[in-house]
Protein chains: 4
Amino acid sequence: MVETTIPKRKISARKAPNQERSKARVDQILEVTCELMATNGLEKLTTNHIAKASGMAVGSLYRYFPNKQAIIYEIYLRWLGQVRERMERFLEEITGAQPIIEVMQALAERIYGESLMPGDDKQLEMELRKAMSLYPELREEDRKHGEQIATLLSRILERAGLNASDKERMEIGAYLYGLDSVRQDLMEQGMDQQTIRVWQWRATFGILQPFLPEGSRF
Amino acid sequence: MVETTIPKRKISARKAPNQERSKARVDQILEVTCELMATNGLEKLTTNHIAKASGMAVGSLYRYFPNKQAIIYEIYLRWLGQVRERMERFLEEITGAQPIIEVMQALAERIYGESLMPGDDKQLEMELRKAMSLYPELREEDRKHGEQIATLLSRILERAGLNASDKERMEIGAYLYGLDSVRQDLMEQGMDQQTIRVWQWRATFGILQPFLPEGSRF
Amino acid sequence: MVETTIPKRKISARKAPNQERSKARVDQILEVTCELMATNGLEKLTTNHIAKASGMAVGSLYRYFPNKQAIIYEIYLRWLGQVRERMERFLEEITGAQPIIEVMQALAERIYGESLMPGDDKQLEMELRKAMSLYPELREEDRKHGEQIATLLSRILERAGLNASDKERMEIGAYLYGLDSVRQDLMEQGMDQQTIRVWQWRATFGILQPFLPEGSRF
Amino acid sequence: MVETTIPKRKISARKAPNQERSKARVDQILEVTCELMATNGLEKLTTNHIAKASGMAVGSLYRYFPNKQAIIYEIYLRWLGQVRERMERFLEEITGAQPIIEVMQALAERIYGESLMPGDDKQLEMELRKAMSLYPELREEDRKHGEQIATLLSRILERAGLNASDKERMEIGAYLYGLDSVRQDLMEQGMDQQTIRVWQWRATFGILQPFLPEGSRF
DNA sequence: TATGAATGAGGCTTCATTCAT
DNA sequence: AATGAATGAAGCCTCATTCAT
């Protein structure tokens, strides 16, 4: 059990969900919690609500998770995991035959365009961001995730044939990851998704342009 | 007293802080609240904490503000006011002689980069944004503010020679603001300042490029 | 859940007390609250007091009642119900053979004289009346109750042979009820019980005289 | 300064208002408090409201009264005093020449019919009754007052030629005083004033009838 | 294992009273 | 004497967490 910062709180799931039934229950809790967060917001998310909506008793929640925070933490981890997974799959698909610009376009679509989770996704993402600022553990997790993503991005860019040094590729990766939080901010501010994508693309292009093969234009 | 939506709540300061001492106390409350918000987050902001940190009794808070929300509301108003003020000052300084891209970078730094209040500013802003999603009154205020800013931005970009529509100018402003937080993230992650500046520059250029007059150099 | 006036408050019990234990707790809360109201008055009735006196935590109150008002509301409903019940039983017992004045005195004793709940009943009633003037919901309930009582009284007096209109019958009932509190006051002041009975009798007679059949003896 | 029950509270005015200005201020406080009680009810009566409505600072209130309770106490005393005063004046006016029944009728008019204080009187009386059940001191005062009134009534009845023993007259006095609280209850319950008077009269008549000279009829 | 009743610390707010000016 | 800012105990209510069954 992971022990964390002031007030020492356990944040990982209480036990590895080996048994099938256990796993199903954990999944249900997480799923229901996602829905409630997306629907009512983090502020109105109570353990009692989660239990009732999951069709189980509050006590059962605490068999699978040591506390409320741990539930959100797990959701956050899975969410980050999905993002990483996509990037990894994307990395494997890259052949090197496509023009970089197309690769980047495809990446943007994959990373920003797809729905990461079933249902009211944008809202959930916003609430997770709130949670991140509420629980220090999430922030730490986010930082580690950032490094991994930067590395992945670096490798993607490498395989796509980006004409940059290792150091530069890592920087580009970090920066592109940062751009994703810009996207999220703008979403929270209510900017239209399609519009966001356009600006996002322009910024990305600005970053990559110096490393694109001569003559590559929009 | 501003009367607001469904759960009738008073959200403006209880009285115009005419007297000197009064004003000092109001300012102290606001300042302390800013710090607490930035440090611990909106969720952990309690009236009792504010009172204790301000070195006064809870009851005293309620002499100056009708409720907790009103304190946040006031902070929000002042923050918006400062942003507007800066943009206005900036607008007056624009000569039209500088390259657009420099003007834009200067703008981003001036508007959002400077510390608006003592202490951890970026964090405060995030918390204010959370508050905005929590209190309908803030959203309304933000909407009005947004219109004013749009106008100002539009005029700044116009004067700087940017060939974009009103809507686009607003979007550019928002995006450039977002880029600034990327810069801060990277700094926290330990990236070299000079390096950050380069990438920042590239991203900014990517954003502005479509609107720059043909052949404009860096 | 009964939805009520302006500050939307739930005033019925949170759940029908099906389970045995549940019902016991609800009853305990109500009983304790009655005692506290009678002893210390409505003004000093606090949720914390109720909880402590009931030997349970505050939170438990709120499992069974949505708020303080709802507790008082339930007490009030039960009290009104008991009064009605008594009148109905009394109505069935009337034969018409007794002299009216005796029937009336018996009525006063039966309806208001008996202890409706364990303990200091008269006081409780006073407090309930205070509560009624404090909570709009109670007033509405009281109004409905009043109509039902009016009908019952009307039928009782009618069956007892009283020659009065419906309106007058209701008024007589209310007045006789009032006389009973005089009796209690005098008892508290130390007047001899037998003596009180005599005066009580005379006042009752004064009230009924105009409606008694010509020549009716005491 | 009168020291009273648990929690020891001072309830008489802080000083005999000798100085003219002092007296004026005390009177103003009392008057304003009466209005506020009648208008908003005892529950919403706060010292701050009283002060503001009196056009003075809260602190000044506490120069003339040791606490809030004392203000209400004083109002109550004055109110009781006015009732007594009327009865005394009435006593002096009795000549013995009038038929008893007329005297009693006149008394009823004087005691129950007149307005005891200027303004929203009925409401104030109701609030004072609430206060009585809130503050033990008021109840004690009410009891003493009751005795005095009973004595006065007894003397009135004597002078009016009521054919009763001293003991009986005292009892009658006590009972008639009790009847007045019936009147108040009925008022609180919203019964029409004129109607109340009629029943009140009938009960009074019932009480007195045995002692009226033979042949006195309505 | 599962349950859900029970807990109680802690959040927001009010207001009688005090005290420095 | 007068002022009114300041105080803080106390009121109502919520909800994460525990524990007996």
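- With contacts defined as side-chain heavy-atom distances shorter than 4.5 Å, the pair E141(D)/E137(D) does not qualify.
- For the pair Y135(C) OH and dC12(F) C1', the interatomic distance rounds to 10 Å; values are reported in whole Å.
- Distances shorter than 4.0 Å separate some side-chain N or O of T47(C) from OP1 or OP2 on dC12(F).
- For the pair I72(B)/E127(B), no side-chain contact is recorded, criterion being any heavy-atom separation below 4.5 Å from C-beta on.
- Residue K68(A) has its side chain nearest to dT17(F) when only dA5(E), dT17(F), dA6(F) are considered.
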Dot-bracket assigned to DNA chain F with the 3.5 Å Watson-Crick/G-U criterion, [ ] for crossing and | for other-strand pairs, is .||||||||||||||||||||

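- Between the CG atom of L36(B) and the C1' atom of dG11(E) there is a distance of 15 Å, given to the nearest Å.
- In this structure the side chain of F65(A) reaches within 4.5 angstrom of the side chain of V26(A), judged on heavy atoms.
- When the nearest nucleotides of DNA chain F are assigned to L45(C) and G55(B) by heavy-atom distance, the more 5′-ward of the two goes with G55(B).
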Using residues 47-57 of chain B as the side-chain source, report each donor-acceptor pair under 3.5 Å to any protein atom, sequence neighbours left out, with the distance given to one decimal.
| unit_1 | atom_1 | unit_2 | atom_2 | d |
| --- | --- | --- | --- | --- |
| H49(B) | ND1 | K44(B) | O | 3.2 |
| H49(B) | ND1 | T46(B) | OG1 | 3.1 |
| S54(B) | OG | I50(B) | O | 2.7 |

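- Between the NZ atom of K52(D) and the C1' atom of dT14(E) there is a distance of 15 Å, rounded to whole Å.
- Remark on DNA chain E: of its neighbouring residues M56(C) and E43(D), the 5'-side contact belongs to M56(C), judged by nearest-heavy-atom nucleotide.
- Residue L42(C) contributes atom CG, which lies 10 Å from atom P of dC12(F) at whole-angstrom precision.
- Every residue meeting the side-chain contact (heavy atoms from CB on, under 4.5 Å) condition with L134(C), not counting sequence neighbours, appears here in chain and number order: L42(C), E43(D).
- Between the NE2 atom of H49(B) and the C1' atom of dG10(E) there is a distance of 9 Å, given to the nearest Å.
- Whole-Å rounding puts the Y64(B) OH to dT13(E) P distance at 18 Å.
- Ion pairing of K23(C) with E20(C) is absent here, as no side-chain N (NZ or NE/NH1/NH2) approaches a carboxylate O to less than 4.0 Å.
- Under the 4.5 Å side-chain criterion, counting only non-hydrogen atoms from C-beta, N40(C) is not in contact with L45(C).
- For N48(C), counting side-chain heavy atoms from C-beta on, the closest listed nucleotide (dT3(E), dA16(F), dC12(F)) is dC12(F).
- In this structure, T46(B) reaches the sugar-phosphate backbone alone: every heavy-atom distance under 4.0 Å involves primed, P, OP1 or OP2 atoms, never a base.
- OP1 or OP2 of dA6(F) sits under 4.0 Å from a side-chain N or O of R21(B).
- Proximity of R25(C) to the phosphate of dA6(E): a side-chain N or O atom is located under 4.0 Å from OP1 or OP2.
- For S60(B) and dA5(F), the shortest distance from a side-chain N or O to OP1 or OP2 is not below 4.0 Å.
- Of the side-chain N and O atoms in R63(C), one or more sit less than 4.0 angstrom from OP1 or OP2 of dA5(E).
- Here the C1' atom of nucleotide dA2(E) and the CD atom of Q28(A) are 14 Å apart, to the nearest Å.
- Using a 4.0 Å cut-off between charged side-chain N and carboxylate O, R78(C) and E74(C) make a salt bridge.
- Nucleotide dT14(E) holds its P atom 15 Å from the CZ atom of F65(B), rounded to whole Å.
- Where L61(B) and V58(C) each meet DNA chain F at their nearest nucleotide, the meeting point lying more 5' is that of L61(B).
- An OP1 or OP2 oxygen of dA6(F) is reached within less than 4.0 angstrom by no side-chain nitrogen or oxygen of Y62(B).
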